[in-house]
Amino acid sequence: MVGVLTALSLVLVSIYFRESPGGPLHDVQAAGAAVLRPFQLGAERVSRPFRDLYGWFDGVITAKGENERLRAENQELRRRAIENETAAQEHDELLEALAFRDLPGLHDYRRVNTRVIAHPPSQYEKEIVIAAGSDEGIAVHAPVLSSGTLVGEVTSVTRFHAVVTLISDETSAVSARDLSSGAIGLLEAGSGDSLVLNRVTKDKDVRVGDLIVTAGSRVGRLPSLFPSGIPIGYVSSVGQSDTDPHKQIQVESDVDLSDLYAVTVLVR
Amino acid sequence: MSVLDVAKVGGLMFAAALFQSSIFGAFKVAGGAADLVLVAVAAVALLRGSIYGSGAGFFAGLVVDTANLGTLGQTSFLLTIAGYWIGRYGETTGRDRSHAPLLSVAVITVLYALASLALHVVLGEPVDARVALVDALLPAVLLNLLLTIPVYALAKRILGPREWRQAEVRLLG
């Protein structure tokens, strides 16, 4: 019996691996996921109070220090907001005067807000499953945000679900820009849940606290998957060595990638 | 093997797989996460033996892979072997031992992590061995041990304790 089940598991893995995403086994899996969907939504709703309670305790412990930090940050942001409003008005006027043709921006995308119904099953997978799929217009490579911050891209879609690979996954790579210095690099996964901004040369002035956003630029002939200007996180450390031509920049995401419960998918 | 027992095990595994993907997967403590499915498979295997354990592992793995839209059969393969091994332990050395649930869960968590790492490498998927075996393993073992007693008690309440059959054995020679 054990031998039969083990052999059956291996056969399933082999067939699943070899067939295309539209193959029969994938269709059966999608149908099964559709059946499980209401149960997953129910389980997620049941767990919400307990997760909120856990979050409350966690928040209470860190509240005081975070409060002080946020007050200081708020003051700085108010100052920048006033400067940016003036700059934005001038920017729009100049674009109109030049008849400037730009890349698609966030305003060109429709937003699909949805719930996370399955979290990474192990520490190897940095993927989540969301309760919206092709029925909502979601396609592979659609950007996924949480609280306005980039968290991943859609890598697999069924009619009612989609799998989102997080930016902390080792297969993820996002062309990103330092908003302060304009330095462009490639945001990739570091060890654990950390993020690193690679390929930034040593002549760029990148500082701790700088905001990192999507660059929206091409890498070679490949178009960027993400529109420009989506916040990703802040620079948490900058280092450089004599031998490496690039800086070592660590980036911390604005959101907790291991605790997502609702996301927004950008659809064109 | 009664139909009622099979139905109870199936229900238990279904609930465990659902709660694992929807709830426990999101809770991380010190870099590690609990594996409710593995603990539930261990409980069933100790209470009902290796055949039930392997069957429960297979079914739970299928539900997990379907819920997470992961590679079908991957989790089933690991949990089938885990369920069988724990069941054999429960039928032999660990029979009627009070420490059997805790010891089997601790050992199987470590072995499961190693086997899972090996399987991901064989399938060509990128893995961070340091995270899996150094950062996350000890917290995962501790969290699984915390879950063991309530999950085992619940499984025992639902399935009932194991009744060992007395069978006649004819000596050869």
Side-chain angles (χ1 to χ4, degrees), chain A residues 1-6 8-17 25-26 28-33 35-37 39-48 50-51 54 116-125 127-129 156 158 161-163 169-171 189 191-193 256 258-261, chain B residues 14-15 17-28 31-33 35 37 50-51 53-55 57-59 61-81 83-84 87 112-113 116-117 119-120 123-128 130-132 135-137 140:
Chain A
M1 165 96 170
V2 173
V4 167
L5 291 176
T6 310
L8 186 59
S9 301
L10 288 173
V11 166
L12 282 173
V13 170
S14 299
I15 296 173
Y16 190 92
F17 221 70
L25 207 54
H26 280 75
V28 169
Q29 187 188 40
V35 169
L36 287 176
R37 188 167 176 254
F39 296 101
Q40 286 178 293
L41 288 172
E44 204 278 333
R45 284 204 181 108
V46 164
S47 72
R48 184 106 301 272
F50 299 100
R51 290 177 63 183
Y54 174 79
V116 175
I117 56 172
H119 297 275
S122 69
Q123 60 265 30
Y124 305 110
E125 286 98 7
E127 296 173 344
I128 55 175
V129 179
S156 172
T158 65
H161 302 89
V163 176
D169 188 85
E170 291 198 12
T171 58
S191 73
D193 286 337
D256 184 356
S258 61
D259 191 25
L260 299 169
Y261 62 90
Chain B
F14 183 80
L18 222 54
F19 279 107
Q20 176 64 33
S21 69
S22 304
I23 302 167
F24 284 86
F27 280 113
K28 276 195 174 177
D35 193 337
V37 174
S50 54
I51 303 296
S54 56
F58 181 79
F59 177 65
L62 272 186
V63 176
V64 167
D65 287 338
T66 303
N68 292 315
L69 295 173
T71 304
L72 216 52
Q74 189 170 333
T75 313
S76 299
F77 174 70
L78 296 171
L79 287 176
T80 301
I81 297 172
Y84 175 74
Y112 186 85
S116 188
L117 176 67
L119 188 59
H120 277 82
L123 291 175
E125 290 167 3
V127 289
D128 192 334
R130 191 184 74 89
V131 169
D135 295 344
L137 187 55

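We name chains A, B, ... by the order of the sequence lines, and we start the count at 1 in each one.
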(Q) Counting heavy-atom pairs closer than 4.5 Å to chain A, which one of B/A15, B/S116, B/S50, B/A33 comes out on top? (A)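 Among B/A15, B/S116, B/S50, B/A33, the one with the most close pairs to chain A is B/S116.
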
Q. Within the side chain of A/Q29, is there an N or O that forms a donor-acceptor pair under 3.5 Å with the backbone of B/G70?
A.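 Present.
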
Q.
Would you say OH of A/Y16 has more than 12 non-hydrogen atoms from neighbouring residues, nucleotides or ligands within 6.0 angstrom?
A.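 Enclosed.
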
Q. Counting only heavy atoms not in B/F14, do more than 12 fall under 6.0 Å of its CZ?
A.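 Yes, because the 6.0 Å sphere around CZ of B/F14 holds more than 12 heavy atoms from other groups.
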
Q.
Quick one, B/L123 with A/V13, criterion side chain to side chain contact (heavy atoms under 4.5 Å, CB included). Give me CA distance, side-chain angles, the key distance, then yes/no.
A. CA-CA 9 Å; B/L123 291 175; A/V13 170; 3.9 Å; yes

Q | Contact origin within B/L78 toward chain A - heavy atom pairs under 4.5 Å | A |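 Nothing of B/L78, per the 4.5 Å heavy-atom cut-off to chain A.
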
Q) Side chain, backbone, both or neither: which part of B/V63 has an atom under 4.5 Å from a heavy atom of chain A? A)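 Looking at B/V63, backbone and side chain both touch chain A.
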
Using heavy-atom distances under 4.5 Å, tell me whether [X] contacts chain B through its side chain, its backbone, both, or neither.
X	value
A/F17	side chain
A/I117	backbone
A/T6	both

Heavy-atom pair of closest approach, residues [X] and [Y]:
X	Y	value
B/G73	A/S9	O-CB, 3.7 Å
A/V163	B/N68	CG2-O, 4.3 Å
B/T66	A/G32	CG2-C, 3.5 Å
A/A118	B/A67	CB-O, 3.9 Å

As an exercise, state the distance from [atom1] of [X] to [atom2] of [Y], rounded to the nearest 0.5 Å.
X	Y	atom1	atom2	result
A/L25	B/L72	CG	CG	5.0 Å
B/S54	A/M1	OG	CE	5.0 Å
A/L10	B/T80	CG	OG1	9.5 Å
A/H119	B/S22	NE2	OG	7.0 Å

Q. Are the side chains of B/D65 and A/L12 in touch, meaning some heavy atoms are under 4.5 Å apart?
A.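 When only atoms from C-beta onward are counted, A/L12 and B/D65 do not touch, as no gap falls below 4.5 Å.
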
**Q.** Candidate pair A/L5 and B/F59, rule side chain to side chain contact (heavy atoms under 4.5 Å, CB included), full reasoning
**A.** CA-CA 10 Å; A/L5 291 176; B/F59 177 65; over 6 Å; no

